[in-house]
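A short worksheet on the structure shown next.
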Amino acid sequence: MNKLNEILQKKFGHASFRDGQQEIIEQMIDGKDVIAILPTGMGKSLLYQLPAYLMEGTVIIVSPLLSLMQDQVEQLKIIGEKRVIAINSFLPFQERELAIRHLADFKFIFTSPEMLQNEQFNRALKNLSIAYVVADEAHCISQWGFDFRPDYLRISNWLHSLNDVNVLALTATATKDVVEDIKNTLRMNNPFEYIHSLDRAAIAYEMVEVENQQEKMNWILGRVTSTEGPGIIYTQSRKKTEVYAAMLREQGISIAYYHAKMEQSDRILIQQQFQQGQLDWICATNAFGMGIHKDNIGQIIHDHIPSSVAGYMQEVGRAARDGKQAIASLLYTSTDVEHTFYVAMQDFPEEQDIHIAYQPEYAEVEQAETTTRILAYWKERLNEQETIQLFKQIKQKKWQDIQSFYSMIQNDTCIRRQLLHYFDQTLLEKPAHCCSKCRLDVTSVLRKRKDEKNNQDRLNWKNRLNILLPS
DNA sequence: CGGTTTCCTAGTATTAGGAAACCGGTGCTATACT
């Protein structure tokens with residue numbers, strides 16, 4: 001038995017590798033940069049965890065969310081790894097100081113892109129032997145770096161200051177453009193690319209045009225009260241998550257709402273309840289979903305045009321991880337495109353904001369916090385005209401992203417085929433239940449889903465009874 | 001930009017109709033204050 005398989009079995013308790021895992025790990029051990037695009041639930045964490053045990057030094061994992069870091073720290077502790085820590089604002093100040101003074105004691109350090117800019121932390125990192133750096137959910141670099149969280153772009157200089165250690169980028173969805181952004185920002189040198197098919201054959205796509213907002217509400221009411229969960233309803237405003245949830249709760253549905261303006265502790269609680277099956281439905285903004293562990297999600301409902309095909313893929317990709325029949329439904333009206341664009345643009349720096357940012361008395365001007373931070377980043381790198389040009393381009397691209405989703409649902413081509421095409425992938429085999437462009441029989445999809453779920457429930461009960469009453 | 005809600009007015013019945021106001025996603029960290 002080779003070394004990799006031995007560690008896989010002894011340390012991680014798996015009999016064999018899944019698609020691509022061994023290849024990727026071997027490349028990393030050989031000292032190559034790797035970019036791996038594979039669906040959630042395909043064993044991404046193993047890719048950065050396993051090679052750590054065959055290499056000298058510490059692994060630094062850059063992660064977008066505090067909750068994700070917490071979660072992954074716990075996962076490692078479960079398999080008996082004690083040399084693991086998340087260095088972020090959640091860690092009490094004195095503990096952080098202590099940890100930074102003893103970085104070499106850790107095998108895995110999780111942190112945020114923002115924290116990488118912390119001087120004290122950086123000084124300590126420069127004296128640390130680093131095995132490799134991992135960018136988890138690497139599409140965030142492209143999705144957030146330019147106009148939301150500039151520290152994602154600062155990773156570039158940070159890596160340079162570490163003499164360009166090896167990098168592993170992990171994500172579930174990335175278009176060619178996003179891959180380019182990732183490679184550039186992470187200064188990847190001729191990386192090994194592993195790209196798994198993004199198609200989930202078990203998801204049927206249903207696109208429904210309606211007349212107005214009221215119809216969306218009625219549709220959701222009808223669907224959720226007459227079919228099986230668990231499911232996620234994605235909407236575009238925080239208020240609406242609460243309104244829908246209240247409406248469905250009144251009908252006896254087990255549902256909670258979720259959005260970014262909630263207390264962090266409530267968010268964690270709701271996510272856990274959903275994962276453990278105590279809640280059937282979540283009604284959420286796009287704040288919900290990253291890092292969720294649940295393989296039996298059967299329905300994803302959108303009540304709007306999403307702001308990009310990539311974003312939509314991430315959201316529907318949370319369904320059918322168990323391979324059982326699922327359905328993704330999207331409700332839209334002809335005016336949704338403008339609305340989505342407006343929502344995407346509301347904190348976006350306009351020409352006037354940029355102009356102001358370049359004035360000497362800028363310090364006294366009040367701007368949205370995000371705008372100030374973003375412009376501070378670009379001000380260090382570009383002149384006024386260049387920044388204005390850049391943001392025109394970004395705005396243009398955001399408009400195109402929304403448009404490409406809208407044109408996808410308006411033409412006659414298969415949705416599944418188009419979704420994959422957007423990621424430069426081709427559809428190999430079309431499932432029986434495909435999409436509304438392929439004569440989708442929604443009733444039989446829902447029936448199949450119900451049957452599969454009932455079978456599963458029966459099985460679960462049987463297993464439980466067997467444990468309680470061994471024969 | 002578009003929808004929904006609130007407000008105003010006319011003019012007397014309590015309400016119709018239209019204008020105006022309001023509202024709309026994503027997260028980190030540092031710091032001050034409870």
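Just so we're on the same page: letters track the sequence lines, and every chain starts at 1.
Taking atom CD1 of residue Ile100(A) and atom C1' of nucleotide dT29(B), one finds them 13 Å apart after rounding to whole Å. Here dG27(B) presents its P atom at 17 Å from CE of Met115(A), a figure rounded to the nearest Å. We find that CG of Asp147(A) is positioned 14 Å from P of dT26(B), with the value rounded to whole Å. Taking atom OH on Tyr234(A) and atom C1' on dG25(B), their separation rounds to 12 Å, with Å as the unit. For Leu66(A) and dC28(B), the CG to P distance is 4 Å, given to the nearest whole Å. Rounded to a whole Å, the CD1 atom of Ile305(A) is 16 Å from the C1' atom of dG24(B). When the P atom of dC28(B) is taken as reference, atom CD of Gln143(A) falls 14 Å away, rounded to whole Å. In this structure, Phe121(A) places its CZ atom 17 Å from C1' of dA30(B), rounding to the nearest Å.
Comparing dG27(B), dG24(B), dA30(B) against the side chain of Ala260(A) picks out dG27(B) as the nearest. Across dC28(B), dG24(B), dG25(B), the shortest atom-to-atom separation from the side chain of His339(A) is found for dG24(B). Nearest nucleotide to the side chain of Glu338(A), out of dC1(B), dT26(B), dA30(B): dC1(B). Considering only side-chain atoms of Asn286(A), the nucleotide from dG25(B), dC28(B), dA30(B) that sits closest is dG25(B). Checking dT29(B), dT26(B), dG24(B) against every side-chain atom of Asn88(A), the shortest atom distance belongs to dT29(B).
A distance of about 22 Å separates the P atoms of dA21(B) and dG25(B), rounded to the whole Å. Between dA30(B) and dC7(B), the two C1' atoms lie 43 Å apart (nearest whole Å). Across the C1' atoms, dC8(B) and dT14(B) are found 16 Å apart, a figure rounded to whole Å. Atom name C1', nucleotides dT6(B) and dG27(B): the rounded distance is 34 Å, in whole Å. A distance of about 11 Å separates the C1' atoms of dT15(B) and dG11(B), rounded to the whole Å. When the P atom is compared between dT26(B) and dC22(B), the two are found 23 Å apart, to the nearest whole Å.
Heavy atoms of Arg373(A) sit under 4.0 angstrom from at least one base atom. Among the heavy atoms of the strands, none lies under 4.0 Å from Gln314(A). Heavy atoms of Pro113(A) sit nowhere under 4.0 angstrom from any nucleic acid atom. Heavy atoms of Gln346(A) sit under 4.0 angstrom from at least one base atom. Within the 4.0 angstrom heavy-atom criterion, no nucleotide atom of any strand lies near Asp151(A).
Across all strands shown, dA32(B) forms no Watson-Crick or G-U wobble pair with both distances under 3.5 Å. Partner assigned to dA10(B) is dT15(B), using Watson-Crick or G-U wobble distances below 3.5 angstrom.
Place Ala344(A) and Phe90(A) on DNA chain B by their nearest nucleotides, and Ala344(A) ends up nearer the 5' end.
Near DNA chain B, meaning a heavy atom under 4.0 Å from it, residues 209-221 of chain A has Gln213(A) in order of number.
Tyr332(A) and His304(A) have their aromatic ring centers separated by at least 6.0 angstrom. Residues Tyr257(A) and Tyr244(A) place their aromatic rings such that the two centres sit no closer than 6.0 Å.
Ring geometry, Trp378(A) versus Phe146(A): the interplanar angle falls under 30°, so the pair is classed parallel (tilted spans 30 to 60°).
Residues Phe423(A) and Thr173(A) are in side-chain contact: their nearest non-hydrogen atoms beyond the backbone lie under 4.5 Å apart.
Between Ser112(A) and the phosphate of dT29(B), there is a side-chain N or O to OP1/OP2 separation shorter than 4.0 Å.
Counted within 6.0 Å of NE2 on His421(A), heavy atoms from surrounding residues, nucleotides or ligands total 12 or fewer; the atom is thus considered open.
Using a 4.0 Å cut-off between charged side-chain N and carboxylate O, Arg373(A) and Glu369(A) make a salt bridge.
In this structure, Lys398(A) fails the cation-pi test against Phe341(A), since its NZ or CZ atom is not both closer than 6.0 Å to the six-membered ring centre and inside 45 degrees of the ring normal. The cationic group of Arg123(A) does not satisfy the cation-pi geometry with Phe121(A), failing either the under 6.0 Å distance to the six-membered ring centre or the 45° limit from the ring axis.
With hydrogens and angles left out, the side chain of Thr335(A) and the base of dG3(B) share no donor-acceptor pair within 3.5 Å.
For the 3.5 Å distance criterion, the side chains of Ser112(A) and Asn88(A) fail to qualify, holding no donor opposite an acceptor.
Both thresholds, 5.5 Å between centres and 30° between ring planes, are not jointly met by Trp144(A) relative to the base of dT26(B), so the two rings are not stacked.
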